[in-house]
Amino acid sequence: MNRIFTPEDLVQYLYKETTPEQNAAIEEALQNNWTLREKFEVIKKAHARLEKFKLSPRVESVLNVLKYGNKQIVSQD
């Protein structure tokens, strides 16, 4: 039986969020289906590029959120 794997399946596989049975099925499909293998390579490359970015909010943004939260707590009392 040829199962059709979605990009979501491949992302789960990449992040090791699949069961051993799913792993085996995906690995077999990747060996036998060049289109799926190409899609997986695109996903892997995108993942590698995303890993390079370490984004965090500016300190001012965090302080503004905390200040707003404190005002909301005080106004409810």
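The model shown is predicted, which means the values in this text are computed figures rather than measured ones.
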Side-chain hydrophobic cluster, 4.5 Å single linkage: members besides Val59: Leu63

NZ on Lys44 to CD on Glu41, rounded to 0.5 Å: 4.0 Å

Can you pull out every salt bridge (charged side-chain N to carboxylate O under 4.0 Å, His left out) where at least one residue sits in residues 4-19? Sequence neighbours excluded, please. Arg3-Asp9

Once salt bridge (Lys or Arg N to Asp or Glu O under 4.0 Å) is applied, do any residues pair with Glu51, and if so which ones, sequence neighbours excluded? none

Output, in order, the C-alpha distance, side-chain angles, deciding distance and verdict of side-chain contact (heavy atoms from CB on, under 4.5 Å) for Glu27 and Asn23. CA-CA 6 Å; Glu27 288 165 4; Asn23 288 345; 4.2 Å; yes

Quick check: do Leu30 and Tyr13 have side-chain heavy atoms less than 4.5 Å from each other? yes

Test ring-ring contact (aromatic ring centres under 6.0 Å, His included) applied to Tyr15 - qualifying residues, sequence neighbours left out: His47

Enter the distance from Glu21:CD to Ile26:CD1 here, rounded to the nearest 0.5 Å. 11.5 Å

Under 4.5 Å side-chain heavy-atom separation, chaining through any Ile, Leu, Val, Met, Phe, Trp or Tyr, what else clusters with Val62? Say none if it is isolated. Leu66

With a 4.5 Å cut-off on side-chain heavy atoms, are Gln22 and Thr19 touching? yes

More than 12 heavy atoms from other groups under 6.0 Å of CD on Glu28: no

Return the set of residues passing ring-ring contact (aromatic ring centres under 6.0 Å, His included) with Phe5 (not counting sequence neighbours), or none when no residue passes. none

Output the distance between atom CD (Gln31) and atom CZ (Arg37), rounded to the nearest 0.5 Å. 8.5 Å

Spacing of Ile4 atom CD1 and Asn33 atom CG [to the nearest 0.5 Å]: 10.0 Å

Could you grab the distance from atom CG of Leu14 to atom CZ of Phe40, nearest 0.5 Å is fine? 5.0 Å

